[in-house]
Protein chains: 2
Amino acid sequence: MEAISYDRPSVIALLRKHGIAPTHQRLEIAQVLFGRCHHLSADQVLAKVNESQAETSKATVYNTLNLFRDLGLIREVIVDPKRVLYDPNTEPHHHLYNVDTGEITDIDAGALSVSGLPELPTGMVTEGVDIIVRVRASEASLG
Amino acid sequence: MEAISYDRPSVIALLRKHGIAPTHQRLEIAQVLFGRCHHLSADQVLAKVNESQAETSKATVYNTLNLFRDLGLIREVIVDPKRVLYDPNTEPHHHLYNVDTGEITDIDAGALSVSGLPELPTGMVTEGVDIIVRVRASEASLG
DNA sequence: GAGCAGATTAGACAAAGTCCAAAGATTGAA
DNA sequence: TTCAATCTTTGGACTTTGTCTAATCTGCTC
């Protein structure tokens with residue numbers, strides 16, 4: 001397991017290691033993603049990056065998110081039918097999804113095991129197993 | 001476990017049992033959904049319903065899918081970031097998702113068990129656990 | 001600095017889904 | 001059967017998420 005540092009030089013090194021140029025926009029986006037543990041949507045990334053001053057366009061945010069995803073630097077989380085979220089945590093883990101608030105929490109995959117998965121059809125390989133625990137506030141707690 | 005019959009009188013009875021009027025459009029949509037085992041998108045339902053002649057509008061298809069979902073007659077499958085799919089199988093089960101083709105196959109939940117899920121925060125209850133096995137054709141099988 | 005490859009951009013575009021006010025269908029009661 | 005009340009359906013405008021493109025910009029090498 002490889003810890004990702006969030007300071008600028010480390011991010012620059014990380015991008016170079018993956019063969020992509022560490023442009024100003026990519027660094028800004030990387031820092032927004034890695035600088036917090038939240039799961040962010042493309043729109044949220046765009047807003048954060050341009051918070052103090054306009055830095056990047058919508059197209060660049062989408063380009064960069066897809067690039068980072070292809071390089072394995074971030075993961076897509078498909079849980080909310082309205083939008084894709086991006087997860088800076090690339091360690092094996094699953095998600096707890098609050099259907100009322102939209103809030104997402106990580107579940108470490110270490111403690112968790114799944115048994116009884118069926119054989120895959122010949123010629124197929126598993127790319128990943130996503131587990132989503134959908135939760136909501138109980139009736140009692142809404143009193 | 002309760003088997004759902006797909007003939008018109010049974011569907012009418014089912015809708016009435018849930019307190020909703022068995023309108024022409026709802027019956028058409030129900031038959032499209034229950035008459036095959038596929039996972040359909042709203043657009044596909046719309047197309048099927050209007051295959052031979054125009055029967056229902058887009059708005060009605062969306063209204064009805066949401067209604068059926070709220071009543072528990074169908075389930076949303078959130079796997080493809082582009083669209084929600086609707087699953088007429090309401091028995092406990094999970095999904096195999098072919099990331100290349102978009103094809104979805106059911107995995108019976110009976111054979112499957114998950115252990116090591118964390119305690120929920122106080123006041124939260126689980127609404128469901130979705131497991132999605134993402135698969136693709138192996139390199140070898142691509143010749 | 002010239003040339004070049006790659007990156008960024010605005011804005012047009014596409015698709016999924018929601019919303020609304022008007023029109024249509026259903027139903028129970030008389 | 002008819003009526004009125006209620007519920008449904010509808011077209012179309014609208015919103016949101018995401019993609020695409022052609023033009024511009026940047027940074028690098030020579």
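Chain letters run A, B, ... following the sequence lines, proteins first, then strands; residues in each count from 1.
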For nucleotides 9-13 of chain C, list the nitrogen or oxygen atoms of the protein found under 3.5 Å from its nitrogen or oxygen atoms, one pair per line.
residue	atom	partner	partner atom	Å
dT9(C)	OP1	Q25(A)	NE2	3.4
dT9(C)	OP1	E55(A)	O	3.2
dT9(C)	OP2	S57(A)	N	2.9
dT9(C)	OP2	S57(A)	OG	3.2
dT9(C)	OP2	T60(A)	OG1	2.6

### Query
Between E91(B) and R75(B), is the closest basic N to carboxylate O distance under 4.0 Å?
no
### Task
Look at the rings of H39(A) and H95(A) and say which category their plane angle falls in: under 30° parallel, 30 to 60° tilted, over 60° perpendicular.
perpendicular
## Note on the structure
The nucleotide from dA16(C), dT18(C), dT9(D) with an atom nearest the side chain of R83(B) is dA16(C)
### Query
Do the side chain of R26(A) and the main chain of A21(A) share a donor and acceptor less than 3.5 angstrom apart?
yes
### Message
I need the single residue from T101(A), L96(A), V99(A), D100(A) that forms a side chain to side chain contact (heavy atoms under 4.5 Å, CB included) with V135(A). Which is it?
### Response
L96(A)
### Task
Can you tell me the distance, in whole Å, between the CG atom of L65(B) and the C1' atom of dT9(D)?
15 Å
### Nearest-angstrom distance from the residue atom NE2 of H24(B) to C1' of dG24(C)
14 Å
### Query
Which residue lies toward the 5' end of DNA chain C, A21(B) or T64(A), if each is placed at its nearest nucleotide?
T64(A)
Atom pairs under 3.5 Å, N or O on each side, protein against nucleotides 27-30 of chain D: can you list them with distances?
none

### Task
Please test H38(A) against D87(A) for side chain to side chain donor-acceptor pair (under 3.5 Å), starting from the C-alpha separation and ending with a verdict.
CA-CA 7 Å; H38(A) 295 138; D87(A) 188 345; over 6 Å; no
### Task
Specify the separation, in whole Å, of atom CD of E76(B) and atom P of dA16(C).
15 Å
### Message
Check this for me, if you would: do D130(A) and R134(B) make a salt bridge, where the nitrogen-to-carboxylate-oxygen distance has to be below 4.0 angstrom?
### Response
yes
### Query
In whole angstrom, what separates L46(A)'s CG from dG18(D)'s P?
12 Å
### Query
Taking the nucleotide of DNA chain D with the closest heavy atom to each, which residue, I20(B) or A42(A), is nearer the 5' end?
I20(B)
### Query
Given D7(B) and S10(B), is the side chain to side chain donor-acceptor pair (under 3.5 Å) satisfied, shown in steps?
CA-CA 6 Å; D7(B) 55 295; S10(B) 309; 2.8 Å; yes
#### Entry: Short side-chain N/O contact from N66(B) to OP1 or OP2 of dG17(C), under 4.0 Å
no
### Task
Ignoring the backbone of R26(A), work out which of dG17(C), dA16(C), dT8(C) is nearest its side chain.
dT8(C)
### Query
Around atom CZ of R16(B), are there more than 12 heavy atoms of other residues, nucleotides or ligands at under 6.0 Å?
no
### Task
Can you tell me the distance, in whole Å, between the CG atom of L15(B) and the P atom of dA25(C)?
19 Å
### Message
What is the distance, to the nearest angstrom, from the NZ atom on K82(B) to the C1' atom on dG17(C)?
### Response
15 Å
### Message
dT19(D), OP1 or OP2 - any side-chain N/O from Y62(A) closer than 4.0 Å?
### Response
no
### Task
Using atom CG of N50(B) as one end and atom C1' of dT10(D) as the other, report the distance to the nearest whole Å.
12 Å
### Message
For a quick check of understanding: with a heavy-atom distance under 4.0 Å over all strands, which category does D80(A) fall into, base, sugar-phosphate or nothing?
### Response
nothing
### Query
Are R8(A) and E28(A) within salt-bridge range, i.e. N to O under 4.0 Å?
yes
